[in-house]
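Below is one structure, written out as structure tokens; the observations come after it.
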Amino acid sequence: MSTIFQRAHLLNPAENLDATGSIRIDGSGFIESVSLGSADMPHNDDDRVIDLDGKLLVPGLFDMHCHFREPGQEYKETLETGSSAAAAGGYTGVALMPNTRPVIDSPLGVAYIRHHSALLPVDLEVIGAMTVESRGETLAPFGKFRSYGVTAISDDGTAIQNTQIMRLAFEYASNFDLLIIQHCEDKTLTKGGVMNESHFSTILGLKGIPDVAEAIIVSRDLQLMRYLQQHKLHDPLNQPRYHVAHISTGAALDLVRQAKLDGLQVTCEVTPHHFTLSDEDLFLAEAKGNFIMKPPLGSAENMQALIDAIADGTIDAIATDHAPHAAHEKDCPPDQAAFGITGLETAVGLTLTELVSKNVITMQRAIEMLSVNPRKIMNLAPVHFRAGEMANMTIIDPEVEWTVTKDDMKSRSQNTPFIGRRLKGRAVGIYHKGALLENR
Ligand code: DOR
């Protein structure tokens with residue numbers, strides 16, 4: 001039995017495809033044929049024919065920044081519940097940050113996740129820790145990570161504060177062609193902080209996080225990259241590659257913009273919450289716990305700088321930083337709330353509503369930022385719509401209007417500030433690993 005997606009809007013920026021067409025997939029999940037035009041595909045009686053009536057069929061979305069909490073904090077999320085949330089949000093693959101308990105700082109942790117994710121509906125890529133227990137003191141075994149198929153390393157949740165250790169991380173990572181994903185935060189400035197330092201933090205009496213804490217780390221790291229490159233101190237075959245996670249300030253964006261012009265291998269991602277919310281939203285919110293995260297929601301000026309950088313192409317990818325926490329860790333005074341919010345199930349809706357509908361970017365660019373670029377940055381194979389390839393695709397209805405509700409969430413945690421938000425556009429299904437999963 002084959003599955004036929006008929007009369008779809010096929011949009012795959014990885015191969016410049018933007019046309020009406022149909023895709024036939026065999027019983028094992030491989031693409032048999034792709035045909036352009038709106039004519040019905042010939043089919044047999046036992047084939048499953050799904051008429052998409054102009055809905056988008058795009059390469060499976062990939063989120064390069066997620067926290068699934070297993071092992072160690074399964075009360076927040078597990079590999080299974082996180083995968084269900086990813087599938088419901090339209091993702092066919094995600095990359096998991098290593099700040100679990102214990103931290104994924106050795107191949108053992110990688111093997112654990114591989115073993116427990118084989119039968120899940122989405123691909124789980126593992127990001128290895130940069131330092132042992134992410135303490136920023138001793139480098140993790142990068143070479144072993146590489147031999148286990150890991151392509152990126154990060155101490156997300158914190159940043160290496162010691163510049164000498166960071167220099168060694170750059171050199172060592174380039175030996176194994178590993179991408180460094182940096183959570184850019186100068187901890188000496190942010191210690192004890194709860195929200196963006198501004199008149200809102202003063203009025204609320206909450207300790208502020210100065211936004212310059214981000215640019216200070218980005219600047220240090222880019223200086224290190226320039227130095228290593230000038231003096232040819234990295235592996236001659238591999239330039240260091242550096243990716244700024246959840247970028248949130250105009251100052252950091254200016255540094256990235258310049259570094260790109262200078263030819264450094266630098267990329268960055270933005271989260272939907274940082275391009276849709278500011279510290280004023282936290283100020284106005286009744287329940288503030290779900291507006292607390294790192295980096296914090298910034299000033300309106302920084303939010304506008306993010307939107308401008310999405311529009312001008314400085315920002316390469318949209319990532320969710322899906323960070324589930326239990327109700328008791330968020331439903332509390334803001335200075336006691338855990339940092340982080342969930343994001344997998346709202347990212348497509350927010351991107352389409354706030355960026356595509358408002359003409360900040362085209363739909364094609366949105367799919368690049370949600371699917372093509374994250375895979376490219378992480379050195380993963382591109383997804384093609386061609387005969388012989390494994391079918392890996394997301395179905396998006398760009399017209400459907402819907403309201404975010406807690407009851408619909410598949411994640412084990414519902415710590416999102418977007419409950420009640422009206423959105424236009426939604427992922428309505430994925431086809432991956434030989435199975436169609438429809439979102440309702
Ligand atoms: O808000 C955040 N929460 N930011 C991070 O970088 C880490 C994440 C978490 O793990 O909860």
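For this chain, numbers begin at 1 and follow the sequence in order. Remember, it's 1-based here, ligands and their atoms both numbered in the order they're listed.
Using a 4.0 Å cut-off to heavy atoms of A323, the atoms of ligand 1 that qualify are 3 (N), 8 (C), 9 (C), 11 (O). Atoms of ligand 1 lying under 4.0 Å from at least one heavy atom of H246, given by number and element, are 6 (O). Each of the following atoms of ligand 1 lies closer than 4.0 Å to a heavy atom of D156: 6 (O), 7 (C). Listed by atom number, the atoms of ligand 1 under 4.0 Å from H325 heavy atoms are 11 (O).
Given atom 10 (O) of ligand 1, the protein heavy atom at minimum distance is N99 ND2, 2.9 Å. Of the protein's non-hydrogen atoms, the one nearest atom 1 (O) of ligand 1 is K294 N, 2.9 Å.
By the 3.5 Å distance cut-off applied to N or O atoms, F339 is counted among the residues near ligand 1. Backbone and side-chain nitrogen or oxygen atoms of G340 are examined, and one is located within less than 3.5 angstrom of a nitrogen or oxygen of ligand 1. The distance criterion of under 3.5 Å between nitrogen or oxygen atoms is not met by H65 with respect to ligand 1.
In this model, a donor atom of one side chain and an acceptor atom of the other lie less than 3.5 Å apart for D308 and Q304. Using a 3.5 Å distance cut-off with no hydrogens or angles, the side chains of N392 and H384 do not pair a donor with an acceptor. Side-chain atoms of H67 and D156 form a donor-acceptor pair, as typed in the model, at a separation below 3.5 Å. Looking at T151 and N379, their side chains never bring a donor and an acceptor atom within 3.5 Å of each other.
Electrostatic pairing of D177 and R241 counts as a salt bridge here, judged by a charged N lying under 4.0 Å from a carboxylate O. Ion pair E70/R412 not flagged as a salt bridge, since none of the NZ, NE, NH1 or NH2 atoms sits closer than 4.0 Å to an Asp/Glu carboxylate oxygen.
The environment of D331 atom CG is sparse: at most 12 non-hydrogen atoms of other residues, nucleotides or ligands sit within 6.0 angstrom. Taking a 6.0 Å sphere around OH of Y148, one finds it holds 12 or fewer heavy atoms contributed by other residues, nucleotides or ligands. By the 6.0 Å contact criterion, CZ on R135 is open, its count of non-hydrogen atoms from other residues, nucleotides or ligands being 12 or less.
With a 4.0 Å cut-off on non-hydrogen atoms, M293 touches ligand 1 through its backbone as well as its side chain. Only the side chain of D321 comes within 4.0 Å of ligand 1, judged by heavy-atom distances. At a heavy-atom distance under 4.0 Å, no atom of K76 approaches ligand 1.
For the pair M97 and ligand 1, no heavy-atom separation below 4.0 Å is found. The closest approach between E185 and ligand 1 stays at or above 4.0 Å for every heavy atom of the residue.
Among R69, H67, E329, the residue whose heavy atom lies closest to atom 11 (O) of ligand 1 is R69.
Smallest separation of non-hydrogen atoms from K433 and L120: NZ-O, 2.8 Å.
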